[in-house]
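As structure tokens, the structure follows; a few thoughts come after it.
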Amino acid sequence: YFNYGLANQEAGISVTDETLFELGSVSKIFTAALAGYAQASGALSLSDPASRYLPELEGSAFDKITLLELGTYTAGELPLQFPEAVQSEEAMSDYYRQWQPESAPGSHRLYSNPSLGLLGYLAAQSLGQPFEAVMEEALFTPLGLEHSYFQVPEAQQAHYAYGYSKEDEPIRVNPGMLDAQAYGLKSTAADVLSFVEAHLNDTTLDEPLRQALAATRTGYFSIGKMTQGLGWESYAYPVALEQLLKGNSLEMILEPNPANRLTPPLAPRQEALYNKTGSTNGFGGYVAFVPSEQIGIVMLANRNYPNGARIEAAHQLLSALTETL
């Protein structure tokens, strides 16, 4: 672990191995693993229609949208964020019931918190527990993630970094609908690295958890050179910096892109780079790993650096490290 800078500028508190960072959308790789776990446990199938797991959605567009399409942002162009008026579970159900796809499910990818967030919500429903409780039981405890929280407990508040806005003001993430599922996890670099290590070496994991992680690394759609898994996005390795930058560009995040369904799905690959970016208004992170090289990197910052800056730094580090191995 390499730490530098301040977790709290005002108090002069340095970043340490115990510092908690907001993961933003890096949270999605954990949520996706829960969906994989629910499938491995027989609680759901990713090929099922979403409405099967939430009666309020029966008779809506979600009768023809699968859990897999929710998890790969191919449900028909659900937006990046919920409308501001959606502030309760009742309003959320109303929103989903009334929503109509802009394109045929499975035909286009549009990055969306309401899409993958709903997958996490339904996965927890299928397992019969609240999302945060089942994440602790099914993922965090078995993987030894002892410092990962959706609500930072009082005893850990001293380790919770402040993020810093463009104006250099201290800031933390605001509550929102399905925030835990889509962008609400707070964790240490050590815990996120442990999660990456479980992907690199899953031989000691119980079978349902091993299957769960493998499901997230499976490729379900291709969008240009990028392959969309559950949470993770991957590229054939070695990968040029330009491809990584394109796959994590604003155009890829903010615009619908034609998606090609992979039939059969692409099995988890050794010769691939898996990655995920994440940010809140005050934090920015990037996670990447390459199974064939048995190497991974987690970069967490309490400032929202642009995706390009994070990816360029990580690519340079990974390139230097793999050349020396």
Side-chain angles (χ1 to χ4, degrees), residues 26 28-48 65-75 105-109 111 115-116 119-120 122-123 126 138-139 142-143 192-240 243-244 246-248 252 257-277 287-297 318 322 325:
V26 170
K28 290 180 171 70
I29 59 179
F30 294 85
T31 298
L34 181 68
Y37 176 83
Q39 177 168 260
S41 303
L44 60 74
S45 170
L46 291 170
S47 61
D48 286 341
I65 293 170
T66 66
L67 297 176
L68 178 64
E69 287 159 350
L70 288 177
T72 53
Y73 321 111
T74 57
S107 67
H108 288 75
R109 175 194 184 271
Y111 192 74
S115 190
L116 196 136
L119 173 68
L122 297 179
S126 76
L139 254 70
L143 293 175
V192 183
L193 279 166
S194 291
F195 185 68
V196 169
E197 188 172 17
H199 282 277
L200 289 172
N201 181 13
D202 62 7
T203 56
T204 62
L205 301 180
D206 289 344
E207 187 60 19
L209 193 49
R210 190 194 66 77
Q211 290 181 24
L213 298 188
T216 67
R217 299 193 306 275
T218 299
Y220 301 101
F221 290 87
S222 63
I223 301 91
K225 299 288 186 180
M226 186 268 279
T227 300
Q228 181 68 61
L230 283 182
W232 291 111
E233 297 153 16
S234 68
Y235 304 80
Y237 184 82
V239 56
Q243 286 187 12
L244 284 179
K246 185 175 182 180
N248 289 283
M252 188 66 80
N257 286 272
N260 176 47
R261 188 185 296 270
L262 300 177
T263 307
L266 183 64
R269 296 175 286 174
Q270 289 291 306
E271 297 291 336
L273 181 144
Y274 291 86
N275 79 167
K276 186 72 188 77
T277 61
V287 181
F289 67 94
V290 182
S292 63
E293 299 283 354
Q294 284 292 292
I295 193 166
I297 185 168
L318 288 171
T322 52
L325 289 177

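These figures come from a predicted structure and were not determined experimentally.
Here the side chains of Leu213 and Phe195 are in contact, with some heavy-atom distance below 4.5 Å. Side-chain contact between Leu205 and Leu143 is present, with heavy atoms from C-beta onward closer than 4.5 Å. Thr277 places none of its side-chain heavy atoms less than 4.5 Å from the side chain of Glu233. Annotation: side chain of Thr322 is in contact with side chain of Ile295 (closest heavy-atom distance under 4.5 Å). Side-chain atoms of Leu122 and Leu44, non-hydrogen and from C-beta on, never get closer than 4.5 Å to each other. By the 4.5 Å heavy-atom criterion applied to side chains, Leu67 and Ser45 are not counted as neighbours.
Annotation for Asn248 and Leu244: closest pair ND2-O, 3.0 Å, computed over non-hydrogen atoms. In plain terms, the two heavy atoms of Tyr237 and Ser292 that are nearest each other are CD2-OG, 4.2 Å.
With values rounded to the nearest 0.5 angstrom, Lys246 atom NZ is found 10.0 Å from Tyr235 atom OH. Taking CG from Leu34 and CD1 from Ile29, the interatomic distance works out to 13.5 Å, rounded to the nearest 0.5 Å.
Proximity of a side-chain donor or acceptor of Thr218 to a complementary backbone N or O of Ala214 within less than 3.5 Å is detected. A donor-acceptor contact shorter than 3.5 Å links the side chain of Gln39 to the backbone of Leu46. Within the 3.5 Å criterion, the main-chain N or O of Leu200 finds a donor-acceptor partner in the side chain of Gln294. A donor-acceptor contact shorter than 3.5 Å links the side chain of Arg109 to the backbone of Met252. Under the 3.5 Å distance criterion, the side-chain polar atoms of Glu69 are matched with a main-chain donor or acceptor of Thr66.
For Glu197, there are no side-chain hydrogen bond (donor to acceptor under 3.5 Å, both in side chains) partners, not counting sequence neighbours. With sequence neighbours left out, the side-chain hydrogen bond (donor to acceptor under 3.5 Å, both in side chains) criterion links Gln270 to no other residue. Judged as a side-chain hydrogen bond (donor to acceptor under 3.5 Å, both in side chains), and not counting sequence neighbours, Thr227 has no contacts.
Within a 6.0 Å sphere centred on CG of Asn260, other residues, nucleotides and ligands contribute more than 12 heavy atoms.
In this structure, the ring of His199 has its center no less than 6.0 angstrom from the ring center of Tyr274.
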